[in-house]
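Below: the structure, in structure tokens.
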Amino acid sequence: MVGDKCWKIQECTLGDPEKVSGVLIDVAKHLANLKYRVWEKMLGTVQYTPVTLDPNTAHPLLSLSEDLTSVRYRDERQQVPDNPERFHRWLWVLGSEGFSSGRHCWDVEVGGEDWRVGVVKESLSRKGGVALSPAGGVWSIGLFSGEYRARTSPPTPLTVQRKLQRVRVQLDWDRGEVSFSDPSDNTPLYTFKHSFTKRLFPFFFTLGTVRICPQKVSVSVK
């Protein structure tokens, strides 16, 4: 008793925590394969582009996107260094990575009335004239004055059923093949055959805009 008041202490029995539903966190649900689950969720936002552009090779009239996946023609000449790698005569830009073995593939979204895509040899002249054919180290197709052509010598007209929106470029360096097709229905367009001995680079020319298409990223469990 404290003063005139009497406090009565009541006993309270708590339930066994292990028997109370919802008290414990499902640790396994949140932590099991955590890194893999995070990667799975990232797939919706992560993109992979098989080819990126090299701004040090771009002609001054070509403007590249910040992510180096598209190029467009502009009327105003940009103030850029006249470094040895930069094209001076041709409105070209190269991919940032060259290939001297293996198989490689990339899709290009093409726009405008004049464009070319393909591969070129690394030693191609950047400042002077170039023979736009395999003899000059250029393997390409494109749209020229309303006609689709493969740049052979002389050029070979291509049979195209509808206007090309995208072009797939496939390089098999070891077999000596550069193939072009329409990725919308896998229609073959043209195949060059050549015994390659030097490194090749993707190249792009446009009087409009061209863009390298991202590829889907997937995760497989073995």
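Along the sequence shown, residues carry numbers from 1.
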Item checked: Results of side chain to side chain donor-acceptor pair (under 3.5 Å) for D82 - residues two or more places apart only -> K127
Check: Transitively linked via ILVMFWY side-chain contacts under 4.5 Å: W173 with V169?
Finding: yes
Next item on the list: Could you tell me which residues satisfy ring-ring contact (aromatic ring centres under 6.0 Å, His included) with Y73, sequence neighbours excluded, listed by chain and number?
Entry: none
Next item on the list: Work out which heavy atom in L164 is nearest to a heavy atom in V110; give both atom names and the distance.
Entry: O-CG2, 3.6 Å
Notebook entry, point to check: Going only through I, L, V, M, F, W and Y residues with side-chain contacts under 4.5 Å, is there a path from V80 to F204?
Noted result: no
Note to self: Which heavy atom of W92 sits nearest to which heavy atom of V120, and what is that distance?
What the structure shows: CZ3-CG1, 4.1 Å
Notebook entry, point to check: Hey, what do you get for CD1 (I141) to OG1 (T152), rounding to the nearest 0.5 Å?
Noted result: 12.0 Å
Next item on the list: Sequence neighbours left out, what pairs pass salt bridge (charged side-chain N to carboxylate O under 4.0 Å, His left out) with at least one residue falling in residues 185-195?
Entry: R162-D185
Next item on the list: Taking all heavy atoms of A150 and all of L158, pick out the closest pair and write down the distance.
Entry: N-CG, 3.8 Å
Notebook entry, point to check: How would you list, by chain and number, every residue that makes a side chain to side chain donor-acceptor pair (under 3.5 Å) with D54, sequence neighbours excluded?
Noted result: none
Margin query: Please say yes or no: joined through hydrophobic side-chain contacts below 4.5 Å, possibly via intermediate residues, are L64 and W115 part of one cluster?
Written below: yes
Next item on the list: Go through the structure and list residues passing side chain to side chain donor-acceptor pair (under 3.5 Å) with E113, not counting sequence neighbours.
Entry: none
Notebook entry, point to check: Excluding sequence neighbours, so at least two apart, what forms side chain to side chain donor-acceptor pair (under 3.5 Å) with T49?
Noted result: none
Next item on the list: Could you list the residues that satisfy side chain to side chain contact (heavy atoms under 4.5 Å, CB included) with P81, not counting sequence neighbours?
Entry: N83, R86
Next item on the list: Hey, could you give me the CG/CG distance between D114 and L207, rounded to the nearest 0.5 Å?
Entry: 4.5 Å
Checklist line | Nearest atoms (heavy-atom pairs only) where W139 meets K121 | finding: CZ3-N, 4.1 Å
Margin query: Going by salt bridge (charged side-chain N to carboxylate O under 4.0 Å, His left out), name the pairs with one or both residues in residues 195-205, residues two or more places apart or in two chains.
Written below: E122-R199
Notebook entry, point to check: Do the two ring centres, one from F203 and one from F201, sit under 6.0 Å apart?
Noted result: no
Check: Is there a path from V160 to V117 through hydrophobic residues (I, L, V, M, F, W, Y) whose side chains come within less than 4.5 Å of each other?
Finding: yes
Item checked: Heavy-atom pair of closest approach, residues T206 and R72 -> CG2-CA, 4.4 Å
Checklist line | Residue pair Y148 / V167, side-chain heavy-atom distance below 4.5 Å | finding: no
Notebook entry, point to check: According to the salt bridge (charged side-chain N to carboxylate O under 4.0 Å, His left out) rule, which pairs have a member within residues 133-160, sequence neighbours left out?
Noted result: E147-R149
Notebook entry, point to check: Do the ring planes of F192 and Y190 sit parallel (below 30°), tilted (30 to 60°) or perpendicular (above 60°)?
Noted result: perpendicular
Check: Can you name the residues that form a salt bridge (charged side-chain N to carboxylate O under 4.0 Å, His left out) with E109, not counting sequence neighbours?
Finding: R166, R211
Note to self: Nearest 0.5 Å, please: how far is CZ in F196 from CD in E177?
What the structure shows: 9.0 Å
Item checked: Note, L53 side chain near I212 side chain (heavy atom, < 4.5 Å) -> yes
Next item on the list: Find the distance between CD (Q161) and CG (D182) and round it off to the nearest 0.5 Å.
Entry: 10.5 Å
Next item on the list: Taking all non-hydrogen atoms of both residues into account, name the closest pair between T191 and S179 and its distance.
Entry: OG1-OG, 3.2 Å
Note to self: With a 4.5 Å cut-off on side-chain heavy atoms, are N186 and R168 touching?
What the structure shows: yes
Donor-acceptor pairs are to be reported for all side-chain atoms of residues 93-106 against protein atoms at under 3.5 Å, with residues two or more places apart or in another chain.
residue : atom : partner : partner atom : Å
S96     : OG   : T52     : O            : 3.2
S96     : OG   : T52     : OG1          : 2.8
H104    : NE2  : S101    : O            : 2.8

Notebook entry, point to check: Just wondering, are more than 12 heavy atoms of other shown residues or ligands nearer than 6.0 Å to NE2 in H88?
Noted result: no
Item checked: With H59 via side chain to side chain contact (heavy atoms under 4.5 Å, CB included) - residues at least two apart -> L61, L62, R77, L91
